[in-house]
Amino acid sequence: MSAVSIKKTLNGEIQTGTRVTIQGWVRTRRDSKAGFSFISVHDGSCFDPIQVVAPAELVNYEDTVQKITSGCSVICTGTLVESQGRGQTFEIQATDVHVCGWVDDPDTYPIQPKQHSFEFLRDVAHLRPRTNTFGAVTRVRHVTATAIHRYFHEHDFFWINTPIITAADAEGAGDMFRVSTLDLANLPRTDTGAIDFSQDFFGRETFLTVSGQLNIEGYCLALSNVYTFGPTFRAENSNTTRHLAEFWMIEPEIAFADLDDLADLAEDFLKYVFKAVLEECPKDMAFFAQRIEPTAIARLEALIEAPFVRLEYAEAIEILKSSGQKFEFKPEWGLDLQTEHERYLTEKHFSAPVVVKNYPTEIKAFYMRIADDRKTVAALDVLAPGIGEIIGGSQREERLDVLYQRMAKQGMDAETYSWYLDLRRYGTVPHAGFGLGFERLITYITGMANIRDVIPYPRVPGRANF
RNA sequence: UCCCCGGUAGCUCAGUUGGUUAGAGCGGGUGACUGUUAAUCACUAGGUCGUUGGUUCGAGUCCAUCCCGGGGAGCCA
């Protein structure tokens with residue numbers, strides 16, 4: 001008999017009276033001297049475990065069933081029945097309980113049927129997926145990723161796998177990890193004493209990507225609507241609840257589009273994804289609302305209904321200035337919004353996600369389209385209550401001469417970016433795109449406070465365990 | 001990188017102005033009890049109090065140092 005997922009045994013898909021085999025890991029075992037044990041088994045297929053009722057008549061009851069502890073892997077066969085007890089609809093009356101793998105030392109098995117701190121669970125990242133919370137996070141993460149691909153597919157976007165290894169050393173998005181096969185203890189040198197990267201694997205200096213944007217623009221100016229969804233690396237020494245050195249980023253890029261088209265896309269996209277998660281993960285979301293963040297479901301529902309607030313950067317500054325709030329950093333036109341400013345806007349003033357558009361030229365990247373008066377560029381940030389910046393994007397500078405000037409002004413080497421300039425030389429069009437941090441999105445959806453708890457094995461400064 | 005907080009049993013924590021033998025709950029073991037629900041009750045095992053040094057008659061407690069963790073800020077997604 002082939003095994004079925006616990007999800008199927010619990011969702012009514014299988015008729016009661018059917019003989020089934022399930023396989024998974026034990027959460028708890030409770031004995032009843034009335035002649036049976038209750039074994040709570042999960043397999044990750046759904047939030048709830050199934051209760052296996054193991055009668056004392058089983059041949060291995062005393063030497064096996066009664067020795068089962070949390071974490072053992074089991075294969076159980078029996079009849080699916082309506083539960084005679086409270087707390088669950090279905091359960092399995094076992095005729096066979098087989099322990100696949102014992103827990104060597106139950107005394108030190110880290111995952112107990114109790115609340116653990118997330119800090120502790122980070123130290124056992126290989127075992128934490130066995131907990132309620134991380135099972136739920138994992139399923140939500142999967143459903144979110146799937147919804148993202150589905151949204152783009154349904155809207156005629158193509159998924160472009162931009163390279164992870166890149167030679168562009170100044171994409172303007174922070175410090176990069178070096179990729180090299182040179183012998184660190186014995187580096188080849190040029191005549192001038194510099195490291196001779198011509199002897200390196202690629203014959204030049206290379207890094208891990210900090211963004212697929214520049215690469216994807218080429219595909220945008222050919223396939224019109226495209227996106228990346230892949231790993232991204234930042235070697236910044238950021239120690240916060242919302243930064244990772246390795247994370248996943250979604251970057252759509254749309255042709256024949258301006259900043260408002262981009263804001264429309266961001267809003268429609270986020271609403272679609274939130275809706276999908278609420279529909280496909282009701283149990284997991286209910287858990288987050290109950291145990292992690294009380295507003296987890298309510299705020300997503302509210303967000304799906306209401307139109308996003310949109311305002312100019314200049315307006316945002318005015319709101320902050322006349323707010324009467326005491327800020328550590330005074331809001332001033334020309335300065336970037338501080339975390340405290342973003343929080344005020346999203347959490348207090350609007351109590352909603354806010355799209356801020358058209359930032360001062362000086363504080364934004366070279367590729368963003370400059371306004372006629374040169375004071376601002378067509379950039380936008382989507383700010384969400386609780387986490388701040390979730391999306392950052394812009395309309396790209398599509399005019400060759402303007403882009404060239406801006407690069408020169410920033411002392412950038414036009415030669416390195418000649419291929420990027422080609423895109424403006426041959427059939428340029430207005431286009432725009434944004435970057436969305438996947439883990440930040442999961443953080444927002446689940447209400448999990450720390451981004452290290454929504455990725456399987458977090459990489460942060462000073463830590464790359466597992 | 002900067003600021004703040006913390007490190008005591010497998011886990012979550014308590015530990016008074018420095019003072020005898022460092023405690024509880026959960027988890028483990030043993031037993032009792034029960035269609036049980038993070039079951040309940042009794043008994044039991046389990047600790048180099050993060051490291052190194054200092055102050056003191058005496059340090060889990062005070063000081064310094066380093067290591068590790070967490071939160072906040074900056075950078076950003």
Side-chain angles (χ1 to χ4, degrees), chain A residues 27-40 48-55 66-67 69-71 81-88 91 93 103-124 127 131-132 171-175 210-213 228 231-251 266 291 328-329 336-340 342-343 363-365 381-384 387-393 434-444 449-453 455 460-463 465:
Chain A
R27 275 262 161 69
T28 58
R29 186 200 87 223
R30 297 176 293 275
D31 295 329
S32 167
K33 278 286 153 55
F36 33 76
S37 292
F38 300 99
I39 310 167
S40 183
D48 290 314
I50 190 156
Q51 176 162 283
V52 174
V53 184
Q66 290 206 297
K67 292 206 163 65
T69 57
S70 295
V81 297
E82 281 181 34
S83 180
Q84 295 168 37
R86 290 181 179 180
Q88 61 280 318
E91 65 189 20
Q93 285 287 347
V103 168
D104 279 354
D105 183 6
D107 200 31
T108 58
Y109 180 62
I111 309 300
Q112 297 165 5
K114 57 164 285 193
Q115 194 133 22
H116 289 100
S117 69
F118 292 132
E119 292 83 5
F120 166 70
L121 290 172
R122 272 171 225 152
D123 290 333
V124 285
L127 296 172
T131 63
N132 278 330
E171 291 176 18
D175 300 326
V210 293
S211 165
Q213 185 206 316
T228 70
T232 309
F233 308 87
R234 304 268 168 98
E236 265 140 22
N237 193 6
S238 299
N239 295 285
T240 79
T241 53
R242 55 189 185 284
H243 285 88
L244 292 165
E246 176 184 288
F247 62 100
W248 286 61
M249 186 153 67
I250 298 114
E251 296 172 288
R291 301 293 277 271
E328 193 186 337
F329 295 90
D336 212 349
L337 297 179
Q338 300 288 317
T339 299
E340 56 177 342
E342 297 178 351
R343 292 207 126 148
I363 59 173
K364 291 292 180 180
D381 281 351
V382 179
L383 311 176
I387 42 168
E389 185 180 341
I390 190 169
I391 283 180
F434 65 71
L436 165 70
F438 184 55
E439 284 76 17
R440 285 194 182 172
L441 182 65
I442 304 298
T443 297
Y444 187 65
N450 196 316
I451 200 163
R452 300 171 194 197
D453 299 326
I455 189 166
V460 295
R463 237 175 137 71
N465 301 345

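Below, chain A is the first sequence line, B the second, and so on; all start at residue 1.
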Asker: Would you mind reading off the distance between A:Arg452 atom CZ and B:rG69 atom P, rounded to a whole angstrom?
Answerer: 8 Å

Asker: Whole-Å distance between B:rU1 C1' and A:Arg234 CZ?
Answerer: 18 Å

Asker: Just call it for A:Phe38: base, sugar-phosphate, or nothing, with non-hydrogen atoms closer than 4.0 Å on any strand.
Answerer: base

Asker: Taking all non-hydrogen atoms of both residues into account, name the closest pair between A:Met249 and A:Val210 and its distance.
Answerer: CE-O, 3.7 Å

Asker: Nearest heavy atom decides the nucleotide; on that basis, is A:Glu340 or A:Phe247 closer to the 5' end of RNA chain B?
Answerer: A:Glu340

Asker: A:Gln51 or A:Ser117: which one's nearest nucleotide on RNA chain B is closer to the 5' end?
Answerer: A:Ser117

Asker: Is A:Arg122 close enough to B:rG70 that one of its side-chain N or O atoms is under 4.0 Å from OP1 or OP2 there?
Answerer: yes

Asker: I'd like to know if A:His116 reaches the base of B:rC11 with its side chain such that a donor and an acceptor end up less than 3.5 angstrom apart.
Answerer: no

Asker: Base, sugar-phosphate or nothing for A:Glu246? Non-hydrogen atoms, less than 4.0 Å.
Answerer: nothing

Asker: How far apart are the C-alpha atoms of A:Arg27 and A:Asp48, what are their side-chain angles, what is the distance that settles it, and do they pass the salt bridge (Lys or Arg N to Asp or Glu O under 4.0 Å) test?
Answerer: CA-CA 11 Å; A:Arg27 275 262 161 69; A:Asp48 290 314; over 6 Å; no

Asker: Atom CG of A:Leu436 to atom C1' of B:rC76: distance rounded to whole Å?
Answerer: 13 Å

Asker: Does A:Thr28 make a side-chain N or O approach to OP1 or OP2 of B:rA39 shorter than 4.0 Å?
Answerer: yes

Asker: Below 3.5 Å, does any donor atom in the side chain of A:Asp31 face an acceptor in the base of B:rU36, or the other way round?
Answerer: no

Asker: Take the protein atom CZ of A:Phe36 and the nucleotide atom P of B:rC33, then report the distance between them rounded to whole Å.
Answerer: 15 Å

Asker: So what's B:rA73 paired with, Watson-Crick or G-U wobble, going by both distances under 3.5 Å?
Answerer: B:rU1

Asker: Under 4.0 angstrom, heavy atoms only, what part of the nucleic acid is A:Ile390 near: base, sugar-phosphate, or nothing?
Answerer: sugar-phosphate

Asker: For residues A:Ser37 and A:Asp31, is any side-chain donor paired with an opposing acceptor at under 3.5 Å?
Answerer: yes

Asker: Measuring only the P atom in each nucleotide, how far is B:rC4 from B:rC13? A whole number of Å is fine.
Answerer: 23 Å

Asker: In terms of side-chain heavy atoms, does A:Thr28 have a donor or acceptor partner in A:Arg30 at a distance below 3.5 Å?
Answerer: yes

Asker: What closest approach, in Å, do A:Trp248 and A:Glu439 show between heavy atoms, and which atom pair accounts for it?
Answerer: N-OE1, 3.0 Å

Asker: Using the C1' atom in both, what is the distance from B:rC26 to B:rU20, to the nearest Å?
Answerer: 30 Å

Asker: Scan A:Ile391 against the nucleic acid and name what it touches under 4.0 Å (heavy atoms): base, sugar-phosphate only, or nothing.
Answerer: sugar-phosphate

Asker: Which whole number of Å gives the distance between the P atom of B:rA59 and that of B:rG72?
Answerer: 38 Å

Asker: Rounding to a whole Å, what distance do you find between A:Asp123:CG and B:rG69:P?
Answerer: 8 Å

Asker: If you measure from the P atom in B:rU65 to the same atom in B:rC5, how many Å do you get, rounded?
Answerer: 14 Å

Asker: A quick test of your reading: do over 12 heavy atoms of other residues, nucleotides or ligands sit less than 6.0 Å from CG of A:Asp105?
Answerer: yes

Asker: If the C1' atom of B:rG28 is compared with that of B:rA38, how far apart are they to the nearest Å?
Answerer: 16 Å

Asker: Side chain of A:Phe120, heavy atoms from C-beta onward: which of B:rG35, B:rU12, B:rG29 has the nearest atom to it?
Answerer: B:rU12

Asker: Test for a donor-acceptor pair under 3.5 Å between the base of B:rG35 and the side chain of A:Gln93, counting only N and O atoms.
Answerer: yes

Asker: In whole angstrom, give me the gap between the P atoms of B:rU51 and B:rA9.
Answerer: 11 Å

Asker: With C1' as the reference atom in both, quote the distance from B:rG15 to B:rG60 in angstrom, rounded to an integer.
Answerer: 8 Å

Asker: Hey, is the side chain of A:Glu119 pairing donor to acceptor with the base of B:rU12 inside 3.5 Å?
Answerer: no

Asker: Please determine, for B:rC43, whether a Watson-Crick or G-U wobble partner exists with both distances under 3.5 Å, and give it or none.
Answerer: B:rG29

Asker: If you check every side-chain atom of A:Glu236, which of B:rC75, B:rC68, B:rG72 has the closest atom?
Answerer: B:rC75

Asker: Expressed as a whole number of angstroms, how long is the span from A:Lys364:NZ to B:rC76:P?
Answerer: 8 Å

Asker: Please work out if A:Thr240 contacts a base, only the sugar-phosphate, or nothing of the nucleic acid, heavy-atom cut-off 4.0 Å.
Answerer: base

Asker: Are A:Arg29 and B:rU36 close enough that a side-chain N or O sits under 4.0 Å from OP1 or OP2?
Answerer: no

Asker: Is any side-chain N or O of A:Ser83 closer than 4.0 Å to OP1 or OP2 of B:rG35?
Answerer: no

Asker: Pick base, sugar-phosphate or nothing for A:Asp105, based on heavy-atom distances below 4.0 Å to the nucleic acid.
Answerer: nothing

Asker: Using only side-chain N and O atoms of A:Ser32, determine if any of them is under 4.0 Å from OP1 or OP2 of B:rU34.
Answerer: no

Asker: Return the minimal non-hydrogen interatomic distance between A:Pro110 and A:His116, and the atom names on each side.
Answerer: O-NE2, 3.0 Å

Asker: Hey, is the side chain of A:Asn450 poking within less than 4.0 Å of OP1 or OP2 on B:rG71, counting only N and O atoms?
Answerer: yes

Asker: What's the gap between B:rC49 and B:rG23 when it is taken at their P atoms, as a whole Å value?
Answerer: 14 Å

Asker: Would you name the heavy atoms of A:Ala384 and A:Tyr444 that are closest together and state the gap between them?
Answerer: CB-CE1, 4.0 Å

Asker: Determine the contact category for A:Gln112: base if any of its heavy atoms lies under 4.0 Å from a base atom, sugar-phosphate if only primed atoms, P, OP1 or OP2 are that close, otherwise nothing.
Answerer: base

Asker: Just the rounded figure in Å: distance from P of B:rG72 to CD of A:Gln338.
Answerer: 16 Å

Asker: Can you find a donor-acceptor N/O pair under 3.5 angstrom joining the side chain of A:Ser238 to the base of B:rC75?
Answerer: yes

Asker: Round to the nearest Å and state the distance from A:Phe329 atom CZ to B:rC75 atom C1'.
Answerer: 12 Å

